Q: 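Got a structure here, written out as structure tokens. Questions coming.
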Amino acid sequence: MALAEQLEALAIDIAREAGELARRRRSEGVAIAATKSSIADIVTEADREVEAHIRARLAAERPGDGFLGEETDAERGSTGITWVVDPIDGTVNYAYGIPAYAVSIAAVCGEPSPDQWEALAGAVFSPPTGEMFHAAHGAGAWLDGSRLAVNPEPSPAGALLATGFGYNPATHAGDLARVARVMPMARDLRRIGAASLDLSYVAAGRFDGYFERGLQPWDHAAGALLVTEAGGRFTRVVLEDMPGRPLFVAAGPGLFDSLLATTVGA
Ligand code: LIP
């Protein structure tokens, strides 16, 4: 088995275990552990416990690999492989009991930074639905054994698009102006609240496209590979007004260029 597929198999196993743990903790009641960048940016006890579980499993299975996770300190590895992990993507949904959250695990090689890494494998597990989206570089994107393909073109009714907003209220007006620019090309807009699911749904053809500013590496590492392995395109654009808050765009080949041009805006 090629290295990318070995890493994919490990990501799938650990994402499922971690997802079952997250679901159990959800049923037992969610405890907010702290807030992070703003009062709206929460971390639950389960986020931390699930990340600790994933990190320990990866360290046991692949000692020497690096780790970049949402809730714990990054660690450089010696093998050239780094795991990029979001233990519970969609934490606010998770805390409110909205059944739209996921465990996202990706393995990348090279410098562990989104503008330099090459993604080799990824798994996005949705505990509420039991769906396992997964991909290995060059081996396609899959959902529970079925191969995924993005929508080549939106329907004549317009594109079904998804987006998201950050935790800093000062960014909302700009993000809403972007939505207003995009709506003329859309049949409708969805706000799921978990980038890993948004990207998985683009890969599965459930959305024609997705755009959002300010994602963290762990929000998109696995989902971006799913989109490209399903025949779509994904990009990260640094915009002058806020270089630290890149814009991310994903879509099928027939929509990508116009969605990118519209979301970047002149
Ligand atoms: C979430 C992202 C989502 C974004 C939220 C948040 P978290 O990640 O997946 O796309 O709109 O603001 O960043 O914090 O739940 O891991």
Side-chain angles (χ1 to χ4, degrees), residues 15 18-19 22-23 25-26 30-52 54-55 68-72 74 83-106 114 122-128 131 133 161-176 178-179 182 189-203 206-207 209-227 234-236 242 244-251 263:
R23 195 202 338 230
R25 293 293 177 261
R26 177 56 257 176
V30 172
I32 308 298
T35 59
K36 299 190 285 186
S37 63
S38 78
I39 191 168
D41 184 5
I42 56 170
V43 56
T44 69
E45 297 292 354
D47 283 277
R48 291 176 173 173
E49 184 186 2
V50 171
E51 181 154 320
I54 294 170
R55 193 165 187 159
L68 178 61
E70 178 165 10
E71 310 303 350
T72 52
W83 295 91
V84 185
V85 172
D86 194 333
I88 302 179
D89 187 29
T91 296
V92 173
N93 288 345
Y94 183 79
Y96 277 79
I98 299 169
Y101 64 90
V103 177
S104 178
I105 300 178
V124 173
F125 178 59
S126 160
E131 291 181 313
F133 300 87
L161 297 172
T163 194
F165 304 92
Y167 293 119
N168 174 359
T171 64
H172 292 168
D175 290 350
L176 287 169
R178 180 167 300 100
V179 168
V182 159
L189 190 70
R190 298 289 180 268
R191 199 307 191 227
I192 295 262
S196 60
L197 289 177
D198 290 314
L199 291 164
S200 299
Y201 291 2
V202 171
R206 294 175 184 175
F207 293 148
Y210 162 69
F211 59 98
E212 183 165 357
R213 265 192 99 163
L215 296 179
Q216 298 297 325
W218 39 80
D219 294 325
H220 62 81
L225 181 67
L226 283 160
V227 169
F234 174 87
T235 194
R236 170 184 177 276
M242 238 188 255
R245 197 166 178 261
L247 171 68
F248 298 84
V249 177
T263 49

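When a ligand or atom number is given, it counts from 1 through the structure's own listing order. Fair warning: this is a prediction, and the values are worked out from it, not measured in the lab.
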Q: Mind checking ring-ring contact (aromatic ring centres under 6.0 Å, His included) for Tyr210 and listing every partner two or more places apart, or none if nothing turns up?
A: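 Once residues adjacent in sequence are excluded, Tyr210 has no partner under the ring-ring contact (aromatic ring centres under 6.0 Å, His included) criterion.
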
Q: Donor-acceptor check, side chain of Arg25 to backbone of Ala46, threshold 3.5 angstrom: yes or no?
A: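 Not a single qualifying donor-acceptor pair exists.
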
Q: Taking the side chain from Asp47 and the backbone from Pro87, do they hold a donor-acceptor pair closer than 3.5 Å?
A: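 Not a single qualifying donor-acceptor pair exists.
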
Q: Got the closest protein heavy atom to atom 8 (O) of ligand 1, with its distance?
A: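 Looking only at protein heavy atoms, the one closest to atom 8 (O) of ligand 1 is Asp89 OD1, 3.1 Å.
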
Q: Would you mind running through ligand 1 and noting each atom that sits below 4.0 Å from a heavy atom of Asp86?
A: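 Near Asp86, the atoms of ligand 1 are 16 (O).
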
Q: Out of all atoms in ligand 1, which are within 4.0 Å of some heavy atom of Asp219? Include the element for each.
A: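 Under 4.0 Å from Asp219, ligand 1 has these atoms: 8 (O), 9 (O), 16 (O).
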
Q: Heavy-atom pairs closer than 4.0 Å: do any link ligand 1 to the side chain of Glu70, the backbone, both, or neither?
A: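 Side chain only.
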
Q: Pick one of side chain, backbone, both or neither for how Val92 approaches ligand 1, counting any non-hydrogen atom pair under 4.0 Å.
A: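 Under 4.0 Å from ligand 1, Val92 contributes no heavy atoms.
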
Q: Start with the C-alpha gap between Thr171 and Arg213, add the side-chain angles, then the distance that decides, and say whether side-chain hydrogen bond (donor to acceptor under 3.5 Å, both in side chains) holds.
A: CA-CA 9 Å; Thr171 64; Arg213 265 192 99 163; over 6 Å; no

Q: Given that the side chain starts at C-beta and the backbone is N, CA, C, O, which of these parts of Arg191 lies under 4.0 Å from ligand 1, counting heavy atoms, or is it both or neither?
A: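 Side chain only.
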
Q: Quick one: look up the protein heavy atom nearest atom 4 (C) of ligand 1 and list residue, atom name and how far away it is.
A: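 Nearest protein contact, heavy atoms only, for atom 4 (C) of ligand 1 is Glu212 OE2, 3.1 Å.
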
Q: Parallel, tilted or perpendicular: which one describes the rings of His172 and Phe165, with boundaries at 30° and 60°?
A: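 Aromatic pair His172/Phe165 classed perpendicular.
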
Q: Is ligand 1 under 4.0 Å from a heavy atom in the side chain of Tyr167, in the backbone, in both, or in neither?
A: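 Within the 4.0 Å criterion, Tyr167 contacts ligand 1 through side-chain atoms alone.
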
Q: Among all protein non-hydrogen atoms, which one is nearest to atom 12 (O) of ligand 1, and what is the separation to 0.1 Å?
A: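 Answer, as residue, atom name and distance: Phe165 O, 2.9 Å.
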
Q: Once you round to the nearest 0.5 Å, how far does OG1 of Thr235 lie from CZ of Phe248?
A: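 One gets 9.0 Å once the value is rounded to the nearest 0.5 Å.
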
Q: Within the 4.0 Å heavy-atom shell around Ala195, which atoms of ligand 1 are there?
A: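 In order of number, 2 (C), 3 (C), 9 (O), 10 (O).
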
Q: Is it true that a side-chain atom of Thr163 and a backbone atom of Phe211 form a donor plus acceptor pair closer than 3.5 Å?
A: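 Checked: pair present.
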
